[in-house]
Amino acid sequence: MELPSIGKHCSDATCSQLDFLPFTCPYCKQIFCQDHWRLEGHTCPKKDEATLRDQRVPICPLCDKPVPVKKGEDPNVRMEQHIAAGCPEPATTISKPIYTNSCNVKGCKNRSAIPIICQKCRLNYCLKHRLEGDHSCSTNINGTGNGANGSGSKPPAANGPSSHNNWSQKVANARNARSSAAAAAATNRQNQNNQSKPSNASSGKKGKDKCLIS
């Protein structure tokens, strides 16, 4: 039992098959079955336009590389020019590589788009080896790693264990100096109190003697 209300018939005159999942030609917009929906499967009235629109880059038979062809240009003429020029490399939109900063760790082949310079040895490293402990950092002996001017000046000290110990020592010295100053101040106050007590006692005794004489 056929269901004419479901699906559509193929537009090809020699087929007219009822297809429940029909295909539409992207060029002539007609309905076709699975066997006739392709461009070569039916007589498409816009076949010439479709051929111009469906352009593909030809491949050189000698160097096996694509040969770009501009719109409206004959591919055969362009291929002859390519072969006559010695099969040059096709032009690209990128003139130079982006990842040019290679890591200085031996055996590492990673590259980065931006330089990652160590503040101690002044060499470039990748993200994996950017820390001093990851690339066994040491100051360059020849002085070539001390900046672009090559003056050989000592690079700024890194925040390593030595700088941390120096900072701790400074804090301890400051605390000791403050404690010594506080102890000296307390000793001075104690001495002043001891010196004022005998004078107060002698003044009180003289006042008592005056009272007895009067």
Got a donor-acceptor contact below 3.5 angstrom from the [X] side chain to the [Y] backbone?
X: Ser112; Y: Cys126; result: no
X: His42; Y: His36; result: yes
X: Asp134; Y: Arg130; result: no
X: Arg78; Y: Pro75; result: no
X: Asn104; Y: Asn124; result: yes
X: His135; Y: His129; result: yes

Does [X] reach the side chain of [Y], with side-chain heavy atoms less than 4.5 Å apart?
X: Ile116; Y: Asn101; answer: no
X: Ile31; Y: Pro22; answer: yes
X: Val69; Y: Pro58; answer: yes
X: Cys63; Y: His82; answer: yes
X: Cys25; Y: Arg38; answer: no
X: Lys128; Y: Cys108; answer: no

*How about Asp64: does its CG atom have over 12 heavy atoms from other parts shown lying under 6.0 Å from it?*
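Atom CG in Asp64 is not crowded, with 12 or fewer foreign heavy atoms closer than 6.0 Å.
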Pairwise distance [atom1]([X]) to [atom2]([Y]) - rounded to 0.5 angstrom:
X: Ile59; Y: Lys65; atom1: CD1; atom2: NZ; answer: 11.5 Å
X: Gln17; Y: Gln34; atom1: CD; atom2: CD; answer: 9.0 Å
X: Cys33; Y: Asp12; atom1: SG; atom2: CG; answer: 7.5 Å
X: Asn173; Y: Arg175; atom1: CG; atom2: CZ; answer: 11.0 Å
X: Lys106; Y: Ser136; atom1: NZ; atom2: OG; answer: 12.5 Å
X: Cys10; Y: Leu18; atom1: SG; atom2: CG; answer: 10.5 Å

_Check: Trp37 ring centroid to Phe32 ring centroid under 6.0 Å_ =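 Between Trp37 and Phe32, the centre distance exceeds or equals 6.0 Å.
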*Arg122 and Ile117: CA distance, side-chain angles, deciding distance, side-chain contact (heavy atoms from CB on, under 4.5 Å) verdict*: CA-CA 6 Å; Arg122 307 301 298 174; Ile117 306 299; 4.1 Å; yes
*Passes side-chain contact (heavy atoms from CB on, under 4.5 Å), Leu62 versus Cys87? Steps please.*
CA-CA 8 Å; Leu62 300 181; Cys87 297; 4.2 Å; yes
_If you compare all heavy atoms of Ile83 against all heavy atoms of Cys60, which two are closest, and at what distance to 0.1 Å?_
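Of all heavy-atom pairs spanning Ile83 and Cys60, the closest is CG1-SG, 4.2 Å.
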